[in-house]
Amino acid sequence: VQLQASGGGLVQAGGSLRLSCAASVPTFSSIHMGWFRQARGKEREFVTAISYDGATTYYADSVKGRFTASRDNRKATVYLQMNNLKPEDTAVYFCAAPSLSVVPGILSRNENTYRYWGQGTLVTVSS
């Protein structure tokens with residue numbers, strides 16, 4: 001399983017970015033996916049989780065109403081649309097996939113649920 005995140009960059013506060021995560025997972029359309037982030041000097045934290053069919057999404061309170069997760073199962077890709085970005089959104093963003101042994105499993109906010117992680121993409125929001 002490989003996850004390739006992209007789309008990070010430098011943006012001014014109030015701006016937008018869209019992250020992508022391309023997955024090489026044979027059963028992609030059967031698995032939930034998650035996004036997490038880690039700011040410098042802080043622990044990794046949950047951002048959003050999206051169900052295997054895209055019908056259900058969970059968001060951290062800090063991003064609710066500003067971030068939107070989506071997925072295209074034909075392209076085996078998940079997206080994170082980030083609007084109205086704030087300096088406190090500055091972090092490395094990771095996409096993650098759960099173990100493939102039980103699908104679809106439970107849609108989870110807990111990073112311990114996720115087994116596979118992308119390399120991360122840096123988002124920097126300037127004030």
Q: Minimum heavy-atom separation for Ala13 to Pro87, with atom names?
A: CB-CD, 4.1 Å
Q: Is a side-chain donor or acceptor of Ser101 paired with a backbone partner of Ser99 at a separation under 3.5 angstrom?
A: no
Q: Between Thr113 and Ile106, is the side-chain contact (heavy atoms from CB on, under 4.5 Å) condition met? List the steps.
A: CA-CA 9 Å; Thr113 304; Ile106 298 173; over 6 Å; no
Q: Taking only residues at least two apart or on different chains, which pairs with a member in residues 20-125 satisfy disulfide (SG to SG under 2.5 Å)?
A: Cys21-Cys95
Q: Do Arg115 and Pro98 come close enough that some side-chain heavy atom pair is under 4.5 Å?
A: no
Q: Report the distance from atom CZ of Arg40 to atom CG of Leu122, rounding to the nearest 0.5 Å.
A: 8.5 Å
Q: Which disulfide (SG to SG under 2.5 Å) pairs, counting each pair once, include a residue from residues 27-56, with sequence neighbours left out?
A: none
Q: Taking the side chain as every heavy atom from C-beta outward, state whether Tyr52 and Val103 have any atom pair closer than 4.5 Å.
A: no
Q: Between atom OH of Tyr79 and atom CG of Asp72, what is the distance when rounded to the nearest 0.5 Å?
A: 5.0 Å
Q: Linking I/L/V/M/F/W/Y whenever any side-chain heavy atoms sit under 4.5 Å apart, do Val92 and Leu19 land together?
A: no
Q: Phe46 and Tyr58: aromatic ring centres closer than 6.0 Å?
A: no
Q: Take Asp89 and Met82 through the test side-chain contact (heavy atoms from CB on, under 4.5 Å) and record every step on the way to the result.
A: CA-CA 9 Å; Asp89 294 318; Met82 306 185 295; over 6 Å; no
Q: Determine whether Ile31 and Tyr114 fall in the same hydrophobic cluster, where Ile, Leu, Val, Met, Phe, Trp and Tyr are linked whenever their side-chain heavy atoms lie under 4.5 Å apart.
A: no
Q: Could I get the full list of salt bridge (Lys or Arg N to Asp or Glu O under 4.0 Å) partners for Glu45, not counting sequence neighbours?
A: Arg37
Q: Kindly check if the number of other-residue, nucleotide or ligand heavy atoms within 6.0 Å of CG (Leu10) is above 12?
A: yes
Q: For a quick test of reading the model, state the closest non-hydrogen atom pair linking Val11 to Gly15 and the distance between them.
A: CG2-CA, 3.8 Å
Q: For Ala55 and Ser51, work out which heavy atoms get closest and say how close.
A: N-OG, 3.2 Å
Q: Nearest 0.5 Å, what's the CZ-CG distance between Arg71 and Leu80?
A: 13.5 Å
Q: Report the residue from Trp117, Phe94, Tyr93 that forms a ring pair (Phe, Tyr, Trp, His ring centres under 6.0 Å) with Phe36.
A: Trp117
Q: For the pair Thr48 and Phe67, evaluate side-chain contact (heavy atoms from CB on, under 4.5 Å) and give the outcome as yes or no after the intermediate values.
A: CA-CA 8 Å; Thr48 182; Phe67 290 13; over 6 Å; no
Q: Looking at Asp61 and Lys64, is there a salt bridge between them, counting it only when a charged N and a carboxylate O are closer than 4.0 Å?
A: yes
Q: For Phe28, look at atom CZ and say whether over 12 heavy atoms of other residues, nucleotides or ligands are found less than 6.0 Å away.
A: yes
Q: Quick one: does His32's side chain have a donor or acceptor within less than 3.5 Å of a partner on Gly105's backbone?
A: yes
Q: What is the distance from atom CG of Leu85 to atom CG of Leu17, rounded to the nearest 0.5 Å?
A: 5.5 Å
Q: Would you please test Leu3 and Met33 for side-chain contact (heavy atoms from CB on, under 4.5 Å) and show each step?
A: CA-CA 11 Å; Leu3 304 174; Met33 293 290 292; 4.1 Å; yes
Q: Calculate, to the nearest 0.5 Å, the distance between atoms CG and OG belonging to Asp53 and Ser29 respectively.
A: 10.0 Å
Q: Once rounded to the nearest 0.5 Å, what's the spacing between atom CD1 of Ile50 and atom CG of Leu107?
A: 9.0 Å
